[in-house]
Undergrad: 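Right, I'll just put the structure down here and ask away after.
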Amino acid sequence: RKPTGLVAEMARVLATGSVLTASYEGHFNAVFGTEVASGIWKEIGLFNEDAVYMVLDHCDSTTGWSSDNTLSLDTIIWQESPASLASSGSGTNSFVFSGSIDTSDYSFTSDDSFQFWYYVDDNTMLSDNLYIEVSSSALADTDQYKFTIDKNSLTTQWNWISKKFSDGVVTGTPDLNTIVRINIYGDKITSVNERIDYIRIFQDTGDMYCRAEITPVFRKYAADTKII
C-alpha cells in the first residue's frame, strides 16, 4: 500500500542486512548520517524502495529571499549544516522567496508533499496561524498552493512541517515543474525570532511493509544515528 501510515517522513536510507527465511525474521542496520536533519523522531517504517525528493533550498544563503523583518543567516541554530535562514521582527511576511526553481526532472504532482523545518523562539507571540504559499507565478495569490498551519500545533523551537499539495487551497493552475515564489508568513503580537531550514518536495514511493512508533520519543542530533 502507499506509505501513508507515516505522519510525516523526514528521511529514508538503505538498510543493510538479511532476512532469516526460516523464521521470517531479520537483522538490519540503517544509518542516518550527518546530512539528514536532526530533530524529534516518533515513528519508523520499512519500505521496499527509496524515496524521491528534491531540496528546493538548503537555506544556507539569503540569495533570492526577502522579509518584512531583519533577514540573516544563523550558523548556530540550524537543522541542516551549516546554517538556517533567520527572520527577526514583528512583520507579517517572514520569508519570501522570489526566483526560479526547476523541478521538472522529478515530475512532482499534487500527491507529493512540501516540507521544511520551522523554528520560532516563542510560539505564544504568534497572533495568527502560519501560512505558506508555493506558486509558479511571481504575482501574489496567483497559480499557487496555500497551506495553513494551526498556531496551536506549533511548539517553541523547531517544528517539522509537511503538507501534501492536495491538501492545500489551490488558486489558479499552479505548475510544480517551476516554482518562482514561496511565502511563509503570519501576524505576530510582538517581535519574534523565526528560522527555516531544508525546504524540499517529497514524493511517497514504494510500499511500506511495516510501521512502528518510537517510544519514548527519540531525538536525533547532528551526529550519525544508527537504527538497528
Side-chain angles (χ1 to χ4, degrees), residues 6-11 32-43 53-98 101 113-134 145-164 168 179 181-202 214 217-223 225:
L6 294 182
V7 175
E9 185 172 342
M10 288 189 295
F32 296 86
T34 56
E35 72 279 2
V36 175
S38 57
I40 296 295
W41 290 16
K42 298 182 179 180
E43 57 182 350
Y53 65 89
M54 176 181 176
V55 179
L56 304 179
D57 200 304
H58 291 278
C59 298
D60 297 333
S61 170
T62 58
T63 301
W65 291 91
S66 61
S67 175
D68 290 346
N69 308 309
T70 300
L71 188 68
S72 63
L73 287 181
D74 189 332
T75 58
I76 304 299
I77 301 175
W78 43 263
Q79 285 292 330
E80 186 198 35
S81 179
S84 65
L85 200 58
S87 169
S88 299
S90 58
T92 298
N93 295 298
S94 302
F95 303 97
V96 181
F97 172 81
S98 299
I101 304 174
S113 301
F114 183 79
Q115 301 178 330
F116 67 102
W117 284 101
Y118 171 77
Y119 174 100
V120 59
D121 66 342
D122 187 350
N123 62 341
T124 65
M125 293 298 102
L126 301 176
S127 62
D128 196 3
N129 295 323
L130 184 69
Y131 300 98
I132 304 143
E133 296 174 352
V134 181
Y145 293 93
K146 182 176 180 178
F147 309 106
T148 300
I149 309 298
D150 187 340
K151 68 175 182 178
N152 296 317
S153 70
L154 297 171
T155 61
T156 295
Q157 297 194 2
W158 287 106
N159 300 265
W160 176 244
I161 306 297
S162 180
K163 302 295 288 185
K164 292 191 70 171
I179 295 174
R181 179 173 57 85
I182 300 172
N183 191 9
I184 301 172
Y185 64 98
D187 292 334
K188 291 96 174 165
I189 297 174
T190 187
S191 179
V192 297
N193 296 309
E194 299 170 283
R195 295 170 182 83
I196 56 173
D197 205 356
Y198 193 61
I199 303 172
R200 71 180 187 178
I201 296 179
F202 182 87
I214 301 175
V217 171
F218 174 80
R219 174 178 286 278
K220 179 187 184 298
Y221 294 93
T225 295

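Computation of the quantities below employed the complete heavy-atom set of this structure, encompassing side-chain atoms and omitting hydrogens, waters and symmetry-equivalent molecules.
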Undergrad: Minimum heavy-atom separation for Gly91 and Lys188, please, with both atom names.
TA: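 Of all heavy-atom pairs spanning Gly91 and Lys188, the closest is O-NZ, 2.7 Å.
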
Undergrad: To the nearest 0.5 Å, tell me how far Trp158 CH2 sits from Ile196 CD1.
TA: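 Spacing of CH2 (Trp158) from CD1 (Ile196) equals 8.5 Å.
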
Undergrad: Does the side-chain contact (heavy atoms from CB on, under 4.5 Å) test come out yes or no for Tyr145 and Phe114, once each step is laid out?
TA: CA-CA 10 Å; Tyr145 293 93; Phe114 183 79; over 6 Å; no

Undergrad: To check you understand the geometry: which heavy-atom pair defines the closest contact between Ser90 and Asn69, and what is its length?
TA: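 Closest approach of Ser90 to Asn69: N-OD1, 3.3 Å.
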
Undergrad: side-chain hydrogen bond (donor to acceptor under 3.5 Å, both in side chains) between Ser88 and Asn193: does it pass, once the steps are laid out?
TA: CA-CA 4 Å; Ser88 299; Asn193 296 309; 2.7 Å; yes

Undergrad: What are the two closest non-hydrogen atoms of Phe95 and Leu85, and how far apart are they?
TA: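 So the two residues come closest at CE2-O, 3.5 Å.
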
Undergrad: Which value, rounded to the nearest 0.5 Å, describes the distance between Trp65 atom CH2 and Cys59 atom SG?
TA: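 Taking CH2 in Trp65 and SG in Cys59, the distance rounds to 5.5 Å.
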
Undergrad: List the atom of Val192, the atom of Met125, and the distance in Å for their closest heavy-atom pair.
TA: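 In this case the closest contact between Val192 and Met125 is CG1-CB, 3.3 Å.
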
Undergrad: I need the minimum non-hydrogen distance between Ser162 and Gln115, along with the two atoms involved.
TA: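 It is OG-NE2, 2.9 Å.
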
Undergrad: So for atom CZ, which belongs to Phe202, do other residues, nucleotides or ligands contribute more than 12 heavy atoms lying within a distance under 6.0 Å?
TA: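 More than 12 heavy atoms, drawn from other residues, nucleotides or ligands, come within 6.0 Å of this atom.
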
Undergrad: To the nearest 0.5 Å, what is the distance between CD1 on Ile161 and OG on Ser113?
TA: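 So the gap between those two atoms works out to 12.5 Å.
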
Undergrad: With no hydrogens and no angle check, is any side-chain donor or acceptor of Asn159 less than 3.5 Å from a backbone partner on Leu154?
TA: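 Not a single qualifying donor-acceptor pair exists.
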
Undergrad: Using 30° and 60° as the class limits, which term best fits the ring planes of Trp160 and Trp117: parallel, tilted or perpendicular?
TA: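 Tilted: the ring planes of Trp160 and Trp117 meet at 30° to 60°.
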
Undergrad: Which salt bridge (Lys or Arg N to Asp or Glu O under 4.0 Å) pairs, counting each pair once, include a residue from residues 58-77, with sequence neighbours left out?
TA: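 For residues 58-77: Asp74-Arg195.
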
Undergrad: Could you go through Glu133 and Tyr185, starting from their C-alpha distance and side-chain angles, then the distance that decides it, and tell me whether this counts as side-chain hydrogen bond (donor to acceptor under 3.5 Å, both in side chains)?
TA: CA-CA 9 Å; Glu133 296 174 352; Tyr185 64 98; 3.0 Å; yes

Undergrad: Under 6.0 Å from the NZ atom of Lys146, do we count more than 12 heavy atoms belonging to anything else shown?
TA: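 Yes - once you tally the heavy atoms of other residues, nucleotides and ligands closer than 6.0 Å, there are more than 12.
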
Undergrad: Could you tell me how the ring of Tyr198 sits relative to the ring of His58: parallel (under 30°), tilted (30 to 60°) or perpendicular (over 60°)?
TA: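 Ring orientation, 0 to 90° scale: tilted.
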
Undergrad: How long is the span from the CG atom in Asn93 to the CG atom in Leu71, to the nearest 0.5 Å?
TA: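 Answer for the CG-CG pair, Asn93 versus Leu71, is 12.0 Å.
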
Undergrad: Run the side chain to side chain donor-acceptor pair (under 3.5 Å) test against Ser61 and tell me which residues pass, sequence neighbours left out.
TA: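 Partners of Ser61 under the side chain to side chain donor-acceptor pair (under 3.5 Å) test: Thr63.
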
Undergrad: Is any side-chain heavy atom of Val96 less than 4.5 Å from a side-chain heavy atom of Ser66?
TA: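 Touching, per the 4.5 Å side-chain cut-off.
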
Undergrad: Hey, are the side chains of Ile149 and Lys163 touching, using non-hydrogen atoms and a 4.5 Å cut-off?
TA: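 Sidechains of Lys163 and Ile149: in contact.
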
Undergrad: Shortest non-hydrogen contact from Gln79 to Asp197?
TA: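 Shortest heavy-atom contact: N-OD2, 2.9 Å.
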
Undergrad: Can you measure from CD1 (Ile184) to OH (Tyr118) and round to the nearest 0.5 angstrom?
TA: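 It comes to 9.0 Å.
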
Undergrad: What distance do Ile179 atom CD1 and Phe97 atom CZ have between them, rounded to the nearest 0.5 Å?
TA: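 Interatomic distance, Ile179 CD1 to Phe97 CZ, rounded to 0.5 Å: 9.0 Å.
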
Undergrad: For Ser94, does its backbone N or O pair with a side-chain atom of Ser67 as donor and acceptor, under 3.5 Å?
TA: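 Yes; judged by distance alone, with no hydrogens or angles, the pair exists.
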
